[in-house]
2 protein chains.
Amino acid sequence: MIRNVYSKECPCRGLLDMVASRWTALVIGDLEDGPRRFSELKKRLEGISQKMLTQTLRTLERDGLVTRTVYPSVPLRVEYELTELGRSVTEPLAALRSWAQRNYETVAEARETFDKAEPVGAEPATAR
Amino acid sequence: MIRNVYSKECPCRGLLDMVASRWTALVIGDLEDGPRRFSELKKRLEGISQKMLTQTLRTLERDGLVTRTVYPSVPLRVEYELTELGRSVTEPLAALRSWAQRNYETVAEARETFDKAEPVGAEPATAR
DNA sequence: CGGTATCCGCCATGATACTG
DNA sequence: CAGTATCATGGCGGATACCG
């Protein structure tokens with residue numbers, strides 16, 4: 001087997017996309033402290049649609065990172081919890097979230113500088 | 001400022017999307033060992049289109065993670081290199097790539113099991 | 001409560017052609 | 001070599017309605 005994200009055929013590239021994808025990193029992060037109900041997750045992940053939350057959770061369940069447990073009470077109650085495999089990816093993801101939170105102001109400044117220097121049509125014939 | 005990826009308005013969420021996005025993780029990873037030319041990157045990141053490579057590099061440059069240096073030789077030569085900010089994110093990204101490479105077979109098995117258990121219309125009236 | 005089903009717009013991405 | 005420009009498209013993701 002290939003086991004190399006730089007190889008075109010290696011399926012692990014798809015896996016990298018998956019765990020790094022927008023909502024996955026947030027869902028997993030929110031499950032770090034323990035099981036959560038569907039509605040709890042929806043409330044805490046501001047801006048996620050019901051559809052995307054369902055879809056994200058299904059993918060995570062299918063991939064073995066999360067378990068889904070139904071308690072047939074009335075009203076229905078469903079809890080999601082990280083598996084051991086799921087817990088094994090929390091650290092790298094937490095590091096990434098933390099990096100984003102620590103550095104977004106620096107990045108915002110870099111953007112300003114960059115955009116000021118290149119107002120699209122300025123400096124005629126600047127090679128690019 | 002908010003500094004919380006779980007908040008809808010916090011711009012750091014967009015930054016998380018950026019560094020976690022498909023090609024970004026691979027480009028940054030390949031720049032870990034030192035500067036690279038455009039064509040080198042293109043060769044090493046199997047399957048990336050010229051357009052996506054350019055776009056990814058532009059974004060990284062604009063966000064201050066990468067520098068772009070033009071050597072006006074003939075033929076033209078352009079080198080990309082990580083900035084200090086860029087280097088600060090290599091570790092979490094490497095951890096994520098490594099996780100994907102270590103675990104994709106486990107995940108593949110989990111998928112098989114899951115798909116076998118739920119052939120869409122089986123087990124009539126299984127609550128879901 | 002915790003979903004599924006359907007419709008649909010829009011943008012990310014790829015393919016192709018051309019340029020300095 | 002290292003791009004830019006343009007066009008085509010597929011699927012991501014939101015909105016809405018309905019179900020057990």
Side-chain angles (χ1 to χ4, degrees), chain A residues 8 13-14 17-18 20-27 30-31 35-62 66-81 118 120-128, chain B residues 8 13-14 17-27 30-31 35-62 66-81 118-128:
Chain A
K8 188 166 25 178
R13 198 183 264 187
D17 290 352
M18 196 281 281
S21 84
R22 164 151 225 181
W23 296 114
T24 303
L26 297 181
V27 168
D30 199 51
L31 289 175
R36 289 220 187 276
R37 304 182 58 168
F38 185 86
S39 49
E40 289 176 327
L41 285 166
K42 180 138 173 29
K43 224 171 291 178
R44 300 172 59 90
L45 278 66
E46 291 186 18
I48 195 171
S49 66
Q50 192 172 42
K51 178 183 174 177
M52 287 316 297
L53 181 53
T54 301
Q55 186 175 307
T56 303
L57 288 169
R58 270 312 161 271
T59 303
L60 290 172
E61 186 194 1
R62 185 170 108 104
V66 155
T67 58
R68 176 180 184 269
T69 312
V70 183
Y71 300 93
S73 52
V74 178
L76 199 57
R77 171 199 182 119
V78 179
E79 281 195 352
Y80 293 91
E81 186 168 15
E118 320 217 357
V120 184
E123 287 152 85
T126 295
R128 160 126 293 181
Chain B
K8 190 166 25 179
R13 198 183 263 189
D17 289 352
M18 196 280 282
V19 291
S21 84
R22 165 150 226 184
W23 296 114
T24 303
L26 297 181
V27 168
D30 200 49
L31 289 175
R36 288 222 188 274
R37 305 183 55 169
F38 186 87
S39 48
E40 289 176 328
L41 286 166
K42 177 133 173 32
K43 224 171 293 178
R44 299 171 58 89
L45 278 66
E46 291 186 18
I48 193 171
S49 67
Q50 191 171 44
K51 177 180 172 179
M52 287 316 297
L53 180 54
T54 301
Q55 187 176 307
T56 303
L57 288 168
R58 271 310 161 270
T59 302
L60 289 172
E61 187 194 1
R62 185 170 108 102
V66 155
T67 59
R68 175 181 184 268
T69 312
V70 183
Y71 301 93
S73 53
V74 177
L76 200 59
R77 172 199 181 119
V78 179
E79 282 195 351
Y80 294 90
E81 186 169 15
E118 319 216 355
V120 183
E123 287 153 83
T126 296
R128 162 126 295 182

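Within every chain, numbering begins at 1; the chains are lettered A, B, ... in the order of the sequence lines, protein sequences first and strands thereafter. What you see below is based on every heavy atom in this structure, not just the backbone, and it leaves out hydrogens, waters and symmetry mates.
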Across the strands shown, which category fits B:Y71 at heavy-atom distances under 4.0 angstrom: base, sugar-phosphate, nothing?
nothing
Quick check on side chain to side chain contact (heavy atoms under 4.5 Å, CB included): which of A:L45, A:L26, A:V27 does A:T56 satisfy it with?
A:V27
Just how far, in rounded Å, is C1' of D:dG3 from CZ of B:R77?
17 Å
OP1 or OP2 of D:dG3 under 4.0 Å from side-chain N/O of B:T54
no
Protein-nucleotide distance (A:L45, atom CG; D:dG13, atom P), rounded to Å:
14 Å
Spacing of B:K43 atom NZ relative to D:dC1 atom C1', expressed in whole Å:
11 Å
Residue whose nearest DNA chain C nucleotide is more 5′ - B:Q55 or B:Q50
B:Q55
Taking for each residue the nucleotide of DNA chain D with the nearest heavy atom, is it A:S49 or B:E40 whose nucleotide lies nearer the 5' end?
B:E40
Can you tell me if the side-chain N/O atoms of B:R22 get under 4.0 Å from OP1 or OP2 in C:dT13?
no
Minimum heavy-atom separation for B:S21 to B:T24, with atom names?
OG-OG1, 2.9 Å
Give me the atom names and distance for the closest heavy-atom approach of A:E46 to A:W23.
O-CH2, 3.9 Å
May I have the distance from B:L41 (atom CG) to D:dC1 (atom P), rounded to whole angstrom?
14 Å
Which nucleotide in D:dG14, D:dA2, C:dG14 has an atom nearest any side-chain atom of B:W23:
C:dG14
How many Å lie between CD1 on B:I48 and P on C:dA12, as a whole number?
15 Å
A:R37 side chain near C:dG2 phosphate (N/O to OP1/OP2, under 4.0 Å)
yes
Among the nucleotides D:dC1, D:dG13, C:dG2, whichever has the atom closest to the side chain of A:V78 is C:dG2
Could you state the atom-to-atom distance from CE of A:M52 to P of D:dG11 in whole Å?
15 Å
Rounded distance (Å) that lies between atom C1' of D:dC12 and atom CG of A:L53
16 Å
Considering non-hydrogen atoms only, spot the tightest contact between B:L31 and B:Y80 and give its length.
CD2-O, 3.5 Å
Round to the nearest Å and state the distance from A:E79 atom CD to C:dG3 atom C1'.
16 Å
Side chain of B:K51: nearest nucleotide among C:dG2, D:dG3, C:dT13?
C:dT13
Measure from the side-chain heavy atoms of B:S39 and tell me the nearest of D:dC1, C:dG2, D:dG14.
D:dC1
Give a yes/no answer on whether the side chain of B:R58 brings an N or O atom under 4.0 Å of OP1 or OP2 in D:dG3.
yes
Identify the two heavy atoms, one from B:K8 and one from A:G47, that lie closest to each other, and give their separation to 0.1 Å.
CD-CA, 3.9 Å
